[in-house]
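I have placed the structure first, in the form of structure tokens, so that the comments after it can refer back to it.
The basis for the numbers below is simple: all heavy atoms, side chains too, and nothing from hydrogens, waters or symmetry mates. As the structure is a computational prediction, the values presented were derived from the model and not from experiment.
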2 protein chains.
Amino acid sequence: MSTMLSTLRVEAMARARPIPGRAMEDGEARHHQIALSEDLRTLDPFSTRVRFARNETIFCEGDSSDYAFKIISGTVRLCAHTPDGRRQISDFMLPGDVFGLMERNEYGFSAEAVTDVMLVSYPRNKIDELWAKKPQVVNRVLAALVEHFLTMQRHLVVLGCQNAKERVASFLLRLSERTQSGAGERIDLSMGRQDIASHLGLTIETVCRAISELKREGAITTPNLHELILNNLGALRALAEGESED
Amino acid sequence: MSTMLSTLRVEAMARARPIPGRAMEDGEARHHQIALSEDLRTLDPFSTRVRFARNETIFCEGDSSDYAFKIISGTVRLCAHTPDGRRQISDFMLPGDVFGLMERNEYGFSAEAVTDVMLVSYPRNKIDELWAKKPQVVNRVLAALVEHFLTMQRHLVVLGCQNAKERVASFLLRLSERTQSGAGERIDLSMGRQDIASHLGLTIETVCRAISELKREGAITTPNLHELILNNLGALRALAEGESED
DNA sequence: CGACCCCTTGACATGCATCAAAGGGAGTGG
DNA sequence: CCACTCCCTTTGATGCATGTCAAGGGGTCG
């Protein structure tokens with residue numbers, strides 16, 4: 001009952017299944033995140049609001065991991081840089097997301113502001129104190145880690161198995177699931193095409209062509225550069241989930 | 001001191017730095033794994049030895065996650081299957097490795113025997129009881145999760161940024177670091193070429209060609225199909241870590 | 001010895017990267 | 001308010017790395 005990871009599983013079960021398939025998982029992800037966010041709120045007296053401008057670096061891989069961050073507004077990219085200048089964006093963080101929480105002494109990746117962002121920073125030592133006092137916080141952290149984990153695993157499949165159009169479809173679907181849970185269609189594409197490319201292991205040109213093709217097929221519409229409408233979720237899912245659509 | 005994640009970080013620090021660069025990280029990974037393995041040993045009375053034959057499925061994605069496993073001997077692949085039959089091997093598990101530990105109700109991936117394997121299975125509920133009694137076990141699990149995490153992140157870079165030869169070089173280096181920590185050269189390539197391909201997001205032919213090319217260049221030697229000698233670690237590292245080698 | 005399975009190599013096809021240039025959109029200065 | 005400029009996106013032309021298809025090679029097991 002009050003055991004450690006079992007609680008995590010109870011939490012996951014307690015949640016009524018909203019939609020079958022992937023959407024459910026994201027629902028759980030958000031659920032855990034909200035719980036975690038609540039925990040962090042008790043640290044508000046020790047937290048600081050920080051602002052970063054577009055393209056500013058929040059921290060670098062290897063920096064001493066003295067703070068965890070929660071996003072108030074804006075978008076952040078988490079990325080790894082290789083010695084020869086290539087980079088891989090492992091994920092984007094949106095408002096409400098927490099990052100830098102599960103590091104060792106040093107951050108394992110860099111964090112950069114995609115847009116102007118407002119963050120709350122929580123000092124490491126206060127976080128440690130918090131979960132020394134409240135063991136159940138550890139469960140939430142574990143839960144969040146496991147979710148993050150599944151997300152990365154899905155992304156491994158994207159990078160390992162999918163072609164350009166499928167990758168873009170996967171990306172758009174996940175973005176839509178993260179922002180509106182409903183079948184809502186309008187997506188805020190706050191990151192540039194180059195960032196999407198770096199996330200999907202493609203070039204900017206290939207991303208553009210894939211988007212254009214989806215537009216031509218009527219699956220999506222782009223009212224402007226940073227906004228996008230999903231007209232045909234079914235077609236996108238067929239692409240993203242690898243169903244042959246003959 | 002006896003706080004939760006801080007302990008994890010103390011453990012990581014306490015370890016003297018063995019070798020610079022990636023090897024250090026793997027050293028820490030092994031360290032955590034050994035600690036975790038020790039914890040599980042207290043569960044031995046409840047554990048069962050299980051044998052699986054080559055290519056047998058240990059569990060499927062979606063199965064109820066009633067057991068965690070530790071490998072005694074043999075190799076296991078963790079993989080995701082897509083509806084249309086493609087698959088992505090997220091990682092290989094070697095003797096000493098533990099898997100299935102951080103699942104929710106259901107496993108998030110499938111596990112299959114690459115070779116004949118001998119496993120120890122630990123019942124979920126006993127694990128829960130263990131870390132209800134010994135909170136420091138949770139730290140080890142967290143530490144292991146974080147390590148696993150960094151591993152996946154590095155693999156994201158491999159899949160997102162590297163070409164075929166670089167991928168194979170990365171794979172061989174990691175394998176060598178996991179098995180012998182020294183500059184040892186002989187690697188046991190227990191998995192088939194097709195499995196390597198599925199792990200690296202390539203086809204079997206491309207993997208073969210990359211290996212052949214590395215052989216031609218003298219970087220490696222293949223005494224037989226399932227054994228491989230690294231002759232030139234420097235060249236392989238240059239490839240894997242993306243240093244321009246003009 | 002033969003059959004099977006997997007690996008290896010070759011020939012060819014193609015999807016994506018690369019190179020190049022034109023097309024918006026937003027901010028700035030006249 | 002318009003024109004200019006800059007930055008990013010989009011589209012096109014071309015080349016290359018890797019996928020695909022096909023044939024042969026080598027080891028292992030019956």
Side-chain angles (χ1 to χ4, degrees), chain A residues 53-55 75 77 84-89 114-116 158-172 188-217 220-228 239 242, chain B residues 53-55 75 77 84-89 112 114-116 158-172 189-217 220-228 239 242:
Chain A
R54 184 175 127 88
N55 284 327
T75 304
R77 56 176 177 253
D84 61 345
R86 287 176 285 190
R87 68 171 184 172
Q88 172 65 31
I89 296 179
V114 170
T115 62
D116 291 357
V158 170
L159 294 186
C161 301
Q162 301 194 145
N163 65 27
K165 217 160 101 183
E166 292 167 342
R167 293 183 198 203
V168 170
S170 299
F171 173 71
L172 295 179
D188 179 38
L189 259 190
S190 53
M191 65 292 293
R193 304 290 194 262
Q194 178 59 66
D195 282 343
I196 299 176
S198 300
H199 180 52
L200 297 179
L202 301 170
T203 60
I204 184 176
E205 293 95 333
T206 302
V207 170
C208 279
R209 278 186 255 268
I211 290 178
S212 298
E213 198 169 347
L214 290 174
K215 254 170 26 182
R216 234 173 289 127
E217 294 167 358
I220 63 175
T221 318
T222 57
N224 65 64
L225 254 184
H226 293 288
E227 215 164 320
L228 193 141
L239 271 174
Chain B
R54 184 174 127 89
N55 284 326
T75 304
R77 57 176 176 253
D84 61 345
R86 288 176 284 189
R87 70 172 183 172
Q88 173 64 33
I89 296 179
E112 302 164 2
V114 170
T115 62
D116 291 358
V158 170
L159 295 185
C161 301
Q162 300 194 145
N163 64 28
K165 217 160 97 183
E166 293 167 341
R167 292 183 199 203
V168 170
S170 299
F171 173 71
L172 295 179
L189 260 190
S190 54
M191 65 292 294
R193 302 290 193 263
Q194 179 59 67
D195 281 344
I196 299 176
S198 300
H199 180 51
L200 297 179
L202 300 170
T203 59
I204 184 175
E205 294 94 335
T206 302
V207 170
C208 280
R209 279 187 255 267
I211 290 177
S212 299
E213 198 170 346
L214 290 174
K215 254 169 28 183
R216 236 173 289 128
E217 294 167 358
I220 63 174
T221 318
T222 57
N224 65 64
L225 255 185
H226 292 289
E227 214 164 319
L228 191 142
L239 271 174

Quick one: [X] [atom1] to [N] [atom2], roughly how many Å, whole number?
X	N	atom1	atom2	value
L200(A)	dC16(C)	CG	P	12 Å
H226(A)	dA26(C)	NE2	C1'	10 Å
M191(A)	dT9(D)	CE	P	12 Å
Q194(A)	dT9(D)	CD	P	8 Å
K165(A)	dT14(C)	NZ	P	16 Å
E213(A)	dT10(D)	CD	P	14 Å
E166(B)	dA17(D)	CD	C1'	12 Å
L189(B)	dC6(C)	CG	P	16 Å

Could you tell me whether a side-chain N or O of [X] sits under 3.5 Å from a main-chain N or O of [Y], the two making a donor and an acceptor?
X	Y	answer
R167(B)	V207(B)	no
E166(B)	N163(B)	yes
T115(A)	T75(A)	yes

Open item on the list: Regarding R54(B), tell me which of base, sugar-phosphate or nothing describes its non-hydrogen contacts under 4.0 Å with the strands shown.
Closed with: sugar-phosphate

Open item on the list: With a 4.5 Å cut-off on side-chain heavy atoms, are N224(A) and H226(A) touching?
Closed with: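 Counting from C-beta outward, H226(A) and N224(A) do come under 4.5 Å.
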
Open item on the list: On DNA chain C, does the nearest nucleotide to L225(A) precede the nearest nucleotide to E205(A) from the 5' side, or the other way round? Give the residue.
Closed with: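 Mapping each residue to its closest nucleotide by heavy atoms, the 5'-most match is E205(A).
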
TODO: Evaluate whether atom CZ of R54(B) has more than 12 neighbouring non-hydrogen atoms of other residues, nucleotides or ligands under 6.0 angstrom away.
DONE: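 Open: at most 12 neighbouring heavy atoms sit under 6.0 Å from CZ of R54(B).
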
Looking only at side-chain N and O atoms, does [X] come under 4.0 Å of OP1 or OP2 in [N]?
X	N	result
S212(A)	dT11(D)	yes
T206(B)	dA17(D)	no
R209(A)	dC16(C)	no

Task: Selection from dT18(C), dT18(D), dT10(D) that lies nearest to any side-chain heavy atom of N163(B) - done: dT18(D)

